[in-house]
Amino acid sequence: MRTQVGIIGAGPAGLMLSHLLARYDIDSVVLEARSREYVEARVRAGVLEQGTVDLLDETGVGKRMHDEGLVHEGIELRFDRASHRIPFPELTGGRSIMLYGQQEVVKDLIAARLAAGGDVRFDVSDVRIDKFDSAEPVLSFQEGHSSNRVELHCDFVAGCDGFHGVSRESIPRSEFTEYHREYPFGWLGILAAVAPSADEVTYTYTDRGFALMSLRSPQISRLYLQVDPDDDIANWPDRRIWDELHTRLAIDSEWSLTEGPVLEKGITAMRSFVLEPLRYGRLFLAGDAAHIVPPTGAKGMNLAISDVAVLADAVAHWYDTGSSTGLDDYSTTALRRVWRAQHFSWWMTSMLHRFPDDDPYQRQLQLSQLHYTVASQAASASLAENYVGLLRG
Ligand code: RFL
Ligand code: PHB
């Protein structure tokens with residue numbers, strides 16, 4: 001079998017890349033280890049930057065997002081039992097964010113690829129990449145229950161297979177620099193069948209740790225608590241989760257948290273990670289395969305989408321002109337945005353969480369930073385500009 005671009009992974013990065021390439025009449029095959037049902041149900045990110053929304057719109061996959069997603073024009077920061085709003089449009093020249101679940105974006109992209117005759121293969125196993133340092137890399141894999149290996153010859157391979165995928169692992173370590181930071185906490189996230197208790201995404205700093213209120217729809221809330229990264233979800237019956245949320249989210253004015261049935265819950269570790277460069281021969285890495293941010297800045301899915309926007313243009317330029325300038329610049333161009341998001345996500349995380357070795361001095365620094373962020377127009381504008389996402393280019 002042959003295609004122009006072999007793509008590993010049907011998350012936001014892989015699907016969007018396939019969709020963007022198709023708009024340039026470039027063929028691709030997407031290989032996904034999980035089933036379609038699984039990837040369409042995987043609850044993860046919820047905040048889309050303005051640039052992500054615009055790209056989905058421009059490429060014809062924004063309809064359901066506009067029907068069902070919720071435009072938000074700010075976020076709240078809570079600390080010292082008071083709530084403060086950061087308004088986005090007036091601080092960013094009219095920009096805002098969209099709340100729309102990642103799995104909805106994934107559903108829309110899968111539907112668009114299949115409707116356009118795209119080749120997306122679910123339930124493949126044991127994907128291997130060979131000859132990626134030659135002009136014709138080869139992907140091989142098994143399909144369904146068959147024990148035969150299928151070979152897919154490509155011009156390029158895109159590793160869009162997330163943090164635990166095979167792409168990054170296939171590359172000789174000596175070729176790369178890795179940057180990491182592990183955080184001494186995780187997030188316990190729940191999805192609950194109850195109307196959100198706040199109108200906007202609310203980030204809360206307390207002595208007991210961080211809490212976040214978000215939402216997926218007028219009937220579905222998404223809430224998070226900072227917990228020990230090694231904690232077991234079995235230690236968190238629903239009653240304990242709600243009690244802790246009530247305590248951390250409390251403010252001195254009239255407000256209360258409404259409870260509802262918990263539909264889903266889990267604990268995620270938090271880390272920052274970047275691999276440089278994003279290319280090895282004809283293998284290009286994009287999204288979580290190459291970099292991870294802690295979710296506090298809501299950047300992960302947005303970075304996955306912006307990586308593949310750059311990559312699709314570079315690949316198209318190569319087919320169009322034979323020039324490899326775009327491909328040669330891919331890593332540097334994508335990493336400039338990645339490092340900005342790394343800094344922003346690390347900064348939000350450091351300001352809003354309790355660290356086990358915090359001393360009283362550290363706590364006063366965090367509070368000072370929070371007061372400054374909500375009181376100063378310049379500081380609020382900096383948060384807002386990073387949160388809605390920097391303009392491309
Ligand atoms: P994905 O989504 O992990 O997709 C990778 C795909 O590759 C498949 N795969 C393989 N396929 C074939 N062979 C193999 N060997 C394979 N190994 C893996 C996987 O099954 C999967 O389908 O990576 P991608 O496309 O780079 O997208 C990245 C985003 O998923 C991620 O950055 C975000 O979810 C992060 N994130 C958030 N991002 C935001 O932009 N805004 C948010 O509000 C936000 N909140 C979050 C988040 C992530 C969270 N968790 C659970 C990590 C909140 C949470 C709690
Ligand atoms: C979410 O809605 O899941 C969400 C919102 C904001 C974040 C992270 C996750 O920073």
Side-chain angles (χ1 to χ4, degrees), residues 6-18 30-36 38-49 51-52 70 72 75 97-103 105-106 109-110 120-129 139-142 158-170 186-191 196 200-203 210 212-217 220-224 264-271 273 285-308 338 341 344-345 348-349 352 387 389:
I7 300 174
I8 313 174
L15 291 166
M16 190 66 185
L17 179 61
S18 178
V30 181
L31 303 177
E32 167 59 48
R34 303 286 193 160
S35 67
R36 179 173 176 182
Y38 183 92
V39 300
E40 289 190 344
R42 191 164 43 194
V43 178
R44 282 188 169 177
V47 177
L48 304 186
E49 292 176 354
T52 305
L70 303 163
H72 277 211
I75 55 166
I97 52 164
M98 173 78 83
L99 276 267
Y100 188 59
Q102 173 170 325
Q103 78 274 26
V105 175
V106 163
L109 287 169
I110 291 174
V120 185
R121 300 187 185 206
F122 296 96
D123 299 303
V124 307
S125 53
D126 198 14
V127 176
R128 285 183 222 159
I129 317 169
L139 288 176
S140 63
F141 58 98
Q142 282 171 230
C160 301
D161 47 352
F163 189 64
H164 302 287
V166 288
S167 308
R168 199 176 63 250
E169 295 308 316
S170 311
W187 278 16
L188 185 164
I190 64 166
L191 201 63
E200 288 181 328
V201 179
T202 302
Y203 292 83
F210 169 77
L212 173 63
M213 272 187 288
S214 182
L215 58 146
R216 286 293 176 274
S217 75
I220 303 282
S221 300
R222 178 87 169 134
L223 298 121
Y224 298 94
E264 188 177 306
K265 58 182 167 181
I267 295 178
T268 315
M270 309 252 290
R271 59 167 69 83
F273 171 80
L285 300 176
D288 278 15
H291 44 75
I292 297 283
V293 281
T296 328
K299 290 285 166 237
M301 170 173 45
N302 294 293
L303 282 181
I305 301 280
S306 60
D307 280 358
V308 298
V338 166
F344 178 66
S345 307
M348 287 282 278
T349 302
L352 287 160
Y387 201 95

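Counting convention: from 1, in listed order, for ligands and their atoms alike.
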If we number the atoms of ligand 2 from 1 as shown, the ones under 4.0 Å from a heavy atom of R44 are 3 (O)
dist T202:OG1 -> L223:CG (nearest 0.5 Å) comes out at 9.5 Å
Atoms in ligand 2 flagged as close to W187, the criterion being non-hydrogen separation under 4.0 Å
8 (C)
Rounded distance (nearest 0.5 Å) linking atom CD of E200 with atom CG of L215
10.0 Å
Tell me, please: is Y100 in heavy-atom contact with ligand 2, that is, under 4.0 Å?
no
Between CD1 on residue I190 and OG on residue S221, distance to nearest 0.5 Å
8.0 Å
Considering the options I8, L139, L31, which one meets the side chain to side chain contact (heavy atoms under 4.5 Å, CB included) requirement together with V124?
L31
Protein contact of atom 6 (C) of ligand 2 - nearest heavy atom, named by residue and atom, plus distance:
Y203 OH, 3.3 Å
Considering only heavy atoms, which of V47, T202, I75, I97 lies nearest to atom 5 (C) of ligand 2?
V47
If the condition is ring pair (Phe, Tyr, Trp, His ring centres under 6.0 Å), which residues does F210 pass it with, not counting sequence neighbours?
W187, H353
Please check: side-chain N/O of D126 versus main-chain N/O of Q142, any donor-acceptor pairing under 3.5 Å?
no
Kindly compute the distance separating NZ (K265) from CG (L188), expressed to the nearest 0.5 Å.
7.5 Å
Heavy atoms only, cut-off 4.0 Å: how does T296 contact ligand 2, side chain, backbone, both, or neither?
backbone
Between ligand 1 and the protein, which N/O pairs are shorter than 3.5 Å?
from: ligand 1; atom 1: 2 (O); to: R44; atom 2: NH1; distance (Å): 3.0
from: ligand 1; atom 1: 3 (O); to: R44; atom 2: NH1; distance (Å): 3.0
from: ligand 1; atom 1: 11 (N); to: A33; atom 2: N; distance (Å): 3.1
from: ligand 1; atom 1: 20 (O); to: E32; atom 2: OE2; distance (Å): 2.6
from: ligand 1; atom 1: 20 (O); to: R42; atom 2: NH1; distance (Å): 3.4
from: ligand 1; atom 1: 22 (O); to: E32; atom 2: OE1; distance (Å): 2.6
from: ligand 1; atom 1: 22 (O); to: E32; atom 2: OE2; distance (Å): 3.2
from: ligand 1; atom 1: 22 (O); to: R42; atom 2: NH2; distance (Å): 2.7
from: ligand 1; atom 1: 25 (O); to: P12; atom 2: N; distance (Å): 3.2
from: ligand 1; atom 1: 25 (O); to: A13; atom 2: N; distance (Å): 2.9
from: ligand 1; atom 1: 26 (O); to: D288; atom 2: N; distance (Å): 2.8
from: ligand 1; atom 1: 30 (O); to: R44; atom 2: NH1; distance (Å): 2.9
from: ligand 1; atom 1: 30 (O); to: Q102; atom 2: OE1; distance (Å): 3.4
from: ligand 1; atom 1: 30 (O); to: Q102; atom 2: NE2; distance (Å): 2.7
from: ligand 1; atom 1: 32 (O); to: D288; atom 2: OD1; distance (Å): 2.7
from: ligand 1; atom 1: 32 (O); to: D288; atom 2: OD2; distance (Å): 3.3
from: ligand 1; atom 1: 32 (O); to: G300; atom 2: O; distance (Å): 3.4
from: ligand 1; atom 1: 32 (O); to: M301; atom 2: N; distance (Å): 3.4
from: ligand 1; atom 1: 34 (O); to: Q102; atom 2: OE1; distance (Å): 2.6
from: ligand 1; atom 1: 38 (N); to: G300; atom 2: N; distance (Å): 3.2
from: ligand 1; atom 1: 38 (N); to: M301; atom 2: N; distance (Å): 2.9
from: ligand 1; atom 1: 40 (O); to: A298; atom 2: O; distance (Å): 3.2
from: ligand 1; atom 1: 40 (O); to: G300; atom 2: N; distance (Å): 3.2
from: ligand 1; atom 1: 40 (O); to: M301; atom 2: N; distance (Å): 2.7
from: ligand 1; atom 1: 40 (O); to: N302; atom 2: N; distance (Å): 3.2
from: ligand 1; atom 1: 40 (O); to: N302; atom 2: ND2; distance (Å): 3.1
from: ligand 1; atom 1: 41 (N); to: A298; atom 2: O; distance (Å): 3.2
from: ligand 1; atom 1: 43 (O); to: G46; atom 2: N; distance (Å): 3.2
from: ligand 1; atom 1: 43 (O); to: V47; atom 2: N; distance (Å): 3.4

N/O separation below 3.5 Å, V201 to ligand 2
no
Show which atoms of ligand 2 fall inside a sub-4.0 Å distance from at least one heavy-atom site of R222.
3 (O)
Heavy atom under 4.0 Å from ligand 2: found in R216's side chain, backbone, both, or neither?
side chain
Any N or O on Y224 sitting closer than 3.5 Å to an N or O of ligand 2?
yes
Could you state the interatomic distance from NZ (K299) to CD (E49), rounded to the nearest 0.5 Å?
3.5 Å
Working note: H291 + D307, criterion side chain to side chain contact (heavy atoms under 4.5 Å, CB included); need CA distance, chi angles, decisive distance, verdict.
CA-CA 11 Å; H291 44 75; D307 280 358; 2.6 Å; yes
Show the atoms of ligand 2 that are less than 4.0 angstrom away from any heavy atom in L212.
6 (C), 7 (C), 8 (C)
Looking only at heavy atoms, is any part of A298 under 4.0 Å from ligand 2, and if so is it the side chain, the backbone, or both, or is it neither?
both
For atom 8 (C) of ligand 2, grab the closest protein heavy atom and report residue, atom and distance to one decimal in Å.
P295 O, 3.3 Å
Got F122 and I110 here, is their nearest side-chain heavy-atom distance under 4.5 Å?
yes
Using side-chain heavy atoms (C-beta onward) and a distance below 4.5 Å, is P196 in contact with M213?
no
Nearest 0.5 angstrom please: I292 CD1 to F163 CZ, how far?
5.5 Å
